[in-house]
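It should be emphasised that the depicted structure is a prediction, and the values quoted were computed from it without experimental measurement. Values reported hereafter were calculated over all heavy atoms of this structure, with side chains retained and with hydrogens, waters and symmetry mates removed.
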Amino acid sequence: SPRMELRVAVAAAAPEMPPETSDDLLANLLTDDHGAVRKFAINAVSERNSAAVRSQVSTLAANETDARLRALADEKARSVS
């Protein structure tokens, strides 16, 4: 699998990609093993992403083990719902 830095860069660039491409990438990055990747993926989600991707953020808001990422996901889920 690509290095964590590359996955972070892809997550950071996701808002500039077409929504379908962004959806596919973020669906994977939101479940990444590295918290840094999940953080950038959460930040990249917007209203233009699919309901499925936005739902993943809501799931992270409930189940994320890192309290800071859980709070970030909760804030994002509220803003894109």
- [ ] Please indicate whether Glu75 has more than 12 foreign heavy atoms, meaning atoms of other residues, nucleotides or ligands, lying under 6.0 Å from its CD.
- [x]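 Incorrect, the count does not exceed 12.
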Task: Reference residue Val45; test side-chain contact (heavy atoms from CB on, under 4.5 Å); the match among Leu29, Val57, Asp23 - done: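 Exactly one pass, corresponding to Val57.
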Heavy-atom side-chain proximity of [X] to [Y] below 4.5 angstrom:
X	Y	result
Asp32	Arg7	yes
Leu60	Ile42	yes
Ser46	Arg54	no

Task: Sole residue of Arg78, Arg70, Lys76 in salt bridge (Lys or Arg N to Asp or Glu O under 4.0 Å) with Asp74 - done: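 When salt bridge (Lys or Arg N to Asp or Glu O under 4.0 Å) is applied between Asp74 and each of Arg78, Arg70, Lys76, only Arg78 qualifies.
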Of all the heavy-atom pairs spanning [X] and [Y], show the shortest one and how long it is.
X	Y	value
Met17	Val10	CE-O, 3.9 Å
Ala44	Asn49	O-OD1, 3.9 Å
Ala11	Ala41	CB-N, 3.7 Å
Arg38	Leu69	NH2-CD1, 3.9 Å
Pro15	Arg48	O-NH2, 2.7 Å

TODO: Apply side-chain contact (heavy atoms from CB on, under 4.5 Å) to Asp24 and list each qualifying residue two or more places apart in sequence or on a separate chain.
DONE: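 Asp24: no side-chain contact (heavy atoms from CB on, under 4.5 Å) contacts found.
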Open item on the list: Rounded to the nearest 0.5 Å, what separates atom NE2 in His34 from atom CZ in Phe40?
Closed with: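 Between His34 NE2 and Phe40 CZ, I get 14.0 Å after rounding to 0.5 Å.
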- [ ] Kindly compute the distance separating CD (Glu47) from OG (Ser79), expressed to the nearest 0.5 Å.
- [x]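 Reported value, rounded in 0.5 Å steps: 6.0 Å.
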Task: Short side-chain to backbone donor-acceptor contact, Glu64 and Ala73, under 3.5 Å - done: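 Between the backbone of Ala73 and the side chain of Glu64 there is no qualifying donor-acceptor contact (under 3.5 Å).
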